[in-house]
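Take a look at the structure set out below.
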Amino acid sequence: WKFSGGAKQIKKKGAPDTADDIAAFGTAVDSISRFDLAIPMEELSANPKPLEKLLDWHDFSQIHVVSSGKIQDSNAQSQMSPSEYTELWNANKFDMLLYHWVRAMYLARLACGI
């Protein structure tokens, strides 16, 4: 919506997926598939071997920077009712599917030693 100048409307709660939604998801999968390596950030520190192998990087020192204030708890599931969490998950399901797909591909690559 933001980049369409308001031409595309924000999807209303509970609205069914449209052909545009599914096409956009397919485009995202196609785009990510073109990269030699996609890494969920939390996996980078725990499992850097594919990055070491592909780019010959070896220094993965962890530096956590908080620009201001304290670190916030990001565990939404502990802060929401089950129905609220399900609603949030459904609203972001394509993002969640992409995340889990990329993570599965990364972990498969790790397990296979690729």
Side-chain angles (χ1 to χ4, degrees):
W1 177 83
K2 179 178 181 180
F3 301 106
S4 72
K8 264 194 115 84
Q9 295 301 307
I10 296 173
K11 192 172 183 175
K12 292 196 181 345
K13 177 180 162 182
D17 298 326
T18 66
D20 286 344
D21 296 331
I22 295 166
F25 178 73
T27 298
V29 169
D30 290 344
S31 298
I32 293 170
S33 297
R34 293 180 184 157
F35 288 91
D36 291 325
L37 184 62
I39 308 169
M41 291 308 295
E42 70 274 10
E43 293 296 336
L44 177 59
S45 298
N47 301 299
K49 291 286 185 211
L51 200 58
E52 291 174 348
K53 192 171 189 174
L54 184 66
L55 299 176
D56 200 29
W57 289 359
H58 301 286
D59 183 10
F60 295 95
S61 304
Q62 291 187 355
I63 299 173
H64 185 84
V65 177
V66 177
S67 57
S68 64
K70 65 177 188 161
I71 297 173
Q72 298 295 318
D73 177 15
S74 60
N75 184 3
Q77 198 163 7
S78 70
Q79 302 295 315
M80 305 171 98
S81 71
S83 64
E84 288 173 323
Y85 186 80
T86 299
E87 182 180 325
L88 180 63
W89 198 97
N90 286 335
N92 293 285
K93 67 183 168 195
F94 289 120
D95 292 333
M96 296 299 291
L97 290 169
L98 283 173
Y99 164 78
H100 287 292
W101 173 69
V102 167
R103 185 170 184 267
M105 296 303 294
Y106 185 73
L107 293 175
R109 181 181 192 132
L110 183 68
C112 295
I114 298 173

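Numbers here are sequence positions counted from 1.
Two residues are said to be in side-chain contact when any heavy atoms from C-beta on lie closer than 4.5 Å; Asp17 and Phe25 fail this criterion. For the pair Pro40/Tyr99, a side-chain contact is recorded, criterion being any heavy-atom separation below 4.5 Å from C-beta on. At least one side-chain heavy atom of Thr86 sits under 4.5 Å from a side-chain heavy atom of Asn90.
How far NZ of Lys93 is from CG of Leu98: 13.0 Å, rounded to the nearest 0.5 Å. One finds the CG atom of Asn47 at 10.0 Å from the CD atom of Glu42 (value rounded to the nearest 0.5 Å). Of the inter-residue distances, the one linking Leu110 atom CG with Arg103 atom CZ reads 10.5 Å to the nearest 0.5 angstrom. In this structure, OH on Tyr85 lies 8.5 Å from CE on Met80, to the nearest 0.5 angstrom.
If you chain together hydrophobic residues whose side chains sit under 4.5 Å apart, Leu88 and Met96 fall into the same group.
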Which atom pairs, donor and acceptor, lie under 3.5 Å between side-chain atoms of residues 27-39 and protein residues at least two apart or in another chain?
from	atom 1	to	atom 2	distance (Å)
Thr27	OG1	Ala23	O	3.0
Ser31	OG	Thr27	O	2.9
Ser33	OG	Val29	O	2.7

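The side-chain hydrogen bond (donor to acceptor under 3.5 Å, both in side chains) check on Glu84 picks up Ser81, with sequence neighbours excluded.
Between the side chain of Asp21 and the backbone N or O of Thr18, at least one donor-acceptor pair lies under 3.5 Å.
Among residue pairs with one or both ends in residues 104-114, none qualify as salt bridge (Lys or Arg N to Asp or Glu O under 4.0 Å); sequence neighbours excluded.
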